Amino acid sequence: MKHAVKWMGIAIGLVLASLVAGCDDAPKETVTQQAPPPSVTVVKVETRDLRPSVSFSGRVTALQRVDLRARIEGFLDKQNFQEGAKVKTGDLLYVIEKAPYEARVTAAKGALETASARLTRAEIEYDRQATLVKKEASAQTKLDDARAARDEARGNVAKLTAEVEQANLQLSYTEIRAPIDGRIGESILSAGNYVSPSSGTLATIVAVDPIGVTFPVSQREIIAVREQSAADVEIGDRVVYVEFGKGKRYPAPGKVDFMDVAVNPGTDAVNIRAVFPNPDGLLIDGQLVTAVVESDKPRPSMVIPISAVQIDQTGPFVLSVSGDNKIEVRRVELGPVTGQLVVVLKGLADGDRVVTEGVQKVRPGQVVEPVEVKPEA
């Protein structure tokens, strides 16, 4: 009896253990939470009144540039300027030794005085012979000789007068003065060197205010500019601005003052020059800049931030957010860049929302959480 009760207890324990194991193997209910849509920054496409512009690579060119050269031979006595300084017309820049040329002036003047004295004596002799011939007290041949001597003396005086002028002219060449207002560059030769006309350029002066910017414009671009303008507005009537390396704009606008008369056959471009005021010397001769030619009047244009534009093998595109907050790919045709904005010619409509930040987190068709911001000016 005791054994029967014992085996019954063991059986009940095994049944309970199997029930517990069965409960552990029962399927568990899995609870999953859906991730929120990614957040992206969007800007609305808007229309602004802009002046269409075209940019060209240009170079600053001085309107006047003078290479200073010696016109006579001699040792350079003085250099009367600081390299890189501004100079004015008539400023004394170099002095070449004067003594040899002063001596030539003195010698020429002495020879002229001697010749003038001989002319005076020849004229007196001529007058005397003329009087004697009238009185038939002298032969005609003596009067002829006197006339010839007088004329010869006159010719000699004229010759020596010219030599005095030439000597004075050469003496004046010992002083090299600034022929224009501007800024003077490095002096190639210093005081003590022997100079002559074959020595080449001693220094260069460039006019700095006003100054020019020259840029090549193709025939196709000239035609496009004319199509954007009124019928009576030429490219020469446009306002031109200059921009430096990082898009920084020179404050004063320029005006086109010259268009070349011939097209470069190699580039199919014509050189155009605009003139700018340059009182502070910020524009330097030879400097590379960007010339921006603006339209004569504002035009309504759709704009978006440059940061919204992406480019692939097909061309430029933007990611836009639809009315139900889904990402769409929109192919666009772009116009000129204005500051941080770019003009959109085709592909978008006023009020469309384009993604400017967060493009790397989304894909076409995905629902997003748009955060709208105002575009920069």
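What's counted below: heavy atoms across the whole structure, side chains too, no hydrogens, waters or symmetry copies. This one's a predicted model, so the numbers in the text were calculated from it and none came from an experiment.
Put simply, the side chain of R65 reaches to within 4.5 Å of the side chain of D285, judged on heavy atoms. Using a 4.5 Å heavy-atom threshold, the side chains of E73 and Y173 count as separate. Using a 4.5 Å cut-off on side-chain heavy atoms (C-beta onward), I304 and V318 make contact.
With a 6.0 Å cutoff to the six-membered ring centre and a 45° limit on the axis angle, R147 does not count as a cation-pi contact of Y126.
Remark: the backbone N or O of N271 is not paired with any side-chain donor or acceptor of D260 at under 3.5 angstrom. E243 places no side-chain N or O within donor-acceptor distance of the main-chain N or O of K248, the cut-off being under 3.5 Å. For T114 (side chain) and G110 (main-chain N/O), a donor-acceptor pair under 3.5 Å exists by modelled atom type. With hydrogens and angles ignored, the 3.5 Å screen pairs a side-chain donor or acceptor of D181 with a backbone N or O of T89. One N or O on the side chain of N278 and one on the backbone of L283 form a donor-acceptor pair closer than 3.5 Å. With hydrogens and angles ignored, the 3.5 Å screen pairs a side-chain donor or acceptor of R59 with a backbone N or O of G286. The backbone N or O of S322 lies less than 3.5 Å from a partner atom in the side chain of R353, making a donor-acceptor pair. Side chain of R183 to backbone of K86: no donor-acceptor contact under 3.5 angstrom is found. Of the possible donor and acceptor atoms, one in the side chain of N193 sits under 3.5 Å from a partner among the backbone N and O of S190.
Hydrophobic cluster of V321: the remaining members, joined at side-chain heavy-atom separations below 4.5 Å, are V40, V42, F317, L319, I327, V329, V355, V359, V362, V368, listed by chain and number. Hydrophobic side-chain contacts under 4.5 Å tie V275 into a cluster, directly or through other members, with L63.
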- Item | Derivation and outcome, side chain to side chain contact (heavy atoms under 4.5 Å, CB included), residues L341 and R48 | CA-CA 11 Å; L341 304 175; R48 296 186 181 183; 3.1 Å; yes
- Task: Might you work through the side chain to side chain donor-acceptor pair (under 3.5 Å) test for Q140 and D144, ending with a clear yes or no?
- Result: CA-CA 6 Å; Q140 182 64 38; D144 294 340; 3.2 Å; yes
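Summarising the geometry, atom OG1 belonging to T141 is positioned 8.5 Å from atom CD belonging to Q129; distances are rounded to the nearest 0.5 Å. Atom OG of S187 and atom CD of Q79 lie 4.0 Å apart (nearest 0.5 Å). Once rounded to the nearest 0.5 Å, the distance linking NZ of K361 with OG of S39 reads 5.5 Å. With rounding to the nearest 0.5 angstrom, the CG atom of D77 is 9.0 Å from the CD1 atom of I96. With rounding to the nearest 0.5 angstrom, the CG atom of N168 is 10.5 Å from the CD atom of E102. Note: I306 CD1 to T356 OG1 = 12.5 Å, rounded to the nearest 0.5 Å.
A continuous path of hydrophobic side-chain contacts links V217 to M259 [ILVMFWY only; heavy atoms under 4.5 Å]. Side-chain heavy atoms closer than 4.5 Å link hydrophobic residues (I, L, V, M, F, W, Y) into clusters, and following such links, possibly through other members, connects V354 to V309. Under the 4.5 Å side-chain contact rule for hydrophobic residues, L119 and V164 share a cluster. Grouping the Ile, Leu, Val, Met, Phe, Trp and Tyr side chains by contacts below 4.5 angstrom, directly or via other members, places V242 with V256. L68 and V95 fall into different hydrophobic clusters, where Ile, Leu, Val, Met, Phe, Trp and Tyr are joined by side-chain heavy atoms under 4.5 Å apart, directly or via other members.
The aromatic ring centres of F81 and Y94 sit less than 6.0 Å apart.
Considering N264, V263, V270 as possible partners of T267, the one that fulfils the side-chain contact (heavy atoms from CB on, under 4.5 Å) test is N264.
At most 12 heavy atoms of other shown residues, nucleotides or ligands fall within 6.0 angstrom of atom NZ in K78.
Using a 4.0 Å cut-off between charged side-chain N and carboxylate O, R331 and D312 make a salt bridge. Residues R150 and E123 are not paired through a salt bridge, judged by the lack of any N-O separation under 4.0 Å between the basic side chain and the carboxylate. For the pair K88 and D91, the salt-bridge criterion is not met [side-chain N within less than 4.0 Å of a carboxylate O]. Checked for salt-bridge contact, D352 and R330 meet the test: a charged N lies under 4.0 Å from a carboxylate O. Of the charged side-chain nitrogens involved, at least one lies within less than 4.0 Å of a carboxylate oxygen, so that E175 and K98 count as a salt-bridged pair.
Contact record, G335 with V342: O-CG2, 3.7 Å, taken as the closest heavy-atom pair. Between S55 and V292, the closest heavy-atom pair is OG-CG2, 3.7 Å.
F215 and F56 have parallel rings, their planes meeting at less than 30° on a 0 to 90° scale where 60° marks the start of perpendicular.
A donor-acceptor contact under 3.5 angstrom links the side chains of T61 and T214, judged on distance only.
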